[in-house]
Protein chains: 2
Amino acid sequence: MKIGELAARTGCQPVTIRYYEQAGLLPVPPRSEGNYRVYTRAHEERLLFIRNCRALDMSLEEIRQLLDYQDNPSGDCSEINALVEAHIEHVSSRIKVLQQLQDKLVALRQRCTGAEPSCSILQELTAGEPHVSQDSDSHVGHSH
Amino acid sequence: MKIGELAARTGCQPVTIRYYEQAGLLPVPPRSEGNYRVYTRAHEERLLFIRNCRALDMSLEEIRQLLDYQDNPSGDCSEINALVEAHIEHVSSRIKVLQQLQDKLVALRQRCTGAEPSCSILQELTAGEPHVSQDSDSHVGHSH
DNA sequence: TAAACACCCTATAGTGGCTATAGAGTCAAG
DNA sequence: CTTGACTCTATAGCCACTATAGGGTGTTTA
């Protein structure tokens, strides 16, 4: 299987696959005569694992750890449970913060009715103490 | 006012202030004899505006637009309202996605009771079709 | 046989919103 | 006059990719 087929099967792009290889998440595959990467089902399975974890918004570092547990099974799930638990914490705190943002934004939207002489949204954003930043420790989020 | 005082007053770091200057969000301030940046209350107000917007998780590009409306007031709030509205949409879709993630993660956590021979969390993550990625268009989120 | 085309390769730079580091200058207090 | 706190510029790093340039491979078609 060449990289294009693996990409199609796993729903990610060839560049991303090469990136995972470089990042040490995917084992370096053998090459064909023409210097093409040649993958097996094992690679596909591992890549699916990675993609599933990414779909759960885990960082590559977290995934690296899970893969490590997978490669050296210890019979003890407690570290895996702890990792998942910690990730749940990350996500849930991120949700809380975003919910608060949402409330503030909605309040902001309602401020500008067009009745005031100058835009009261801009006034509100200008005023007051600096709001506390919401970005602290979680690694959950992002997209552009 | 030197950069350190401005930083203290607005709750952000000097490097970040210089970064905003370079990004064209803060006007270039005059310099003292010793080549230090010298800020006024106007700078402080503008920086507070920026920080408030950032606390609402707006991108610098969005903030640039708001500042532009502020600098060239048109008496028409509709574009500002649209921007805030769009941002609310971003945040709310991000919340939805994270909530779905959260559900999946909680389901995953409950899978590993320690009763099975091999960790069923890892099995679950390995199995199946690639999950649909949650990162598409929003610019809301992130933190490390 | 040749040219077009789809795929693959490497290497490098860019994204956003900063943070960290290095190496130097400024200025008030002890 | 030296210490220390602050400031300056410039550059590199963070994450998880994406984009670009410049080339090679391999199959299909004119």
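Below, read A as the first sequence line, B as the second, and so on, with proteins coming before strands; counting in each chain starts at 1.
- Counting non-hydrogen atoms under 4.0 angstrom, A:Arg18 reaches a base of the nucleic acid.
- At least one side-chain nitrogen or oxygen of B:Gln13 sits closer than 4.0 Å to the OP1 or OP2 atom of C:dT19.
- Residues B:His43 and B:Met1 form no side-chain contact, since every pair of their non-hydrogen atoms from C-beta on lies 4.5 Å or further apart.
- Take the nearest nucleotide of DNA chain D for B:Val38 and for A:Glu33: the residue whose nucleotide is more 5' is B:Val38.
- Residue B:Tyr36 places none of its side-chain N or O atoms closer than 4.0 Å to OP1 or OP2 of C:dG25.
- Distances shown here put every side-chain N or O of A:Thr16 at or beyond 4.0 Å from the OP1 or OP2 atom of D:dA16.
- The nucleotide whose nearest atom lies closest to any side-chain atom of B:Arg31 is, among C:dC18, D:dC17, D:dT9, D:dT9.
- Note on B:Arg37: a side-chain N or O is less than 4.0 Å away from OP1 or OP2 of D:dC8.
- Residue B:Tyr19 places no side-chain N or O under 4.0 Å from the OP1 or OP2 atom of C:dG16.
- Mapped onto DNA chain D by nearest heavy atom, A:Asn35 and A:Tyr20 fall at different nucleotides, with A:Tyr20 at the one closer to the 5' end.
- Among the heavy atoms of the strands, none lies under 4.0 Å from A:Glu61.
- Of the side-chain N and O atoms in A:Ser32, none sit less than 4.0 angstrom from OP1 or OP2 of D:dT25.
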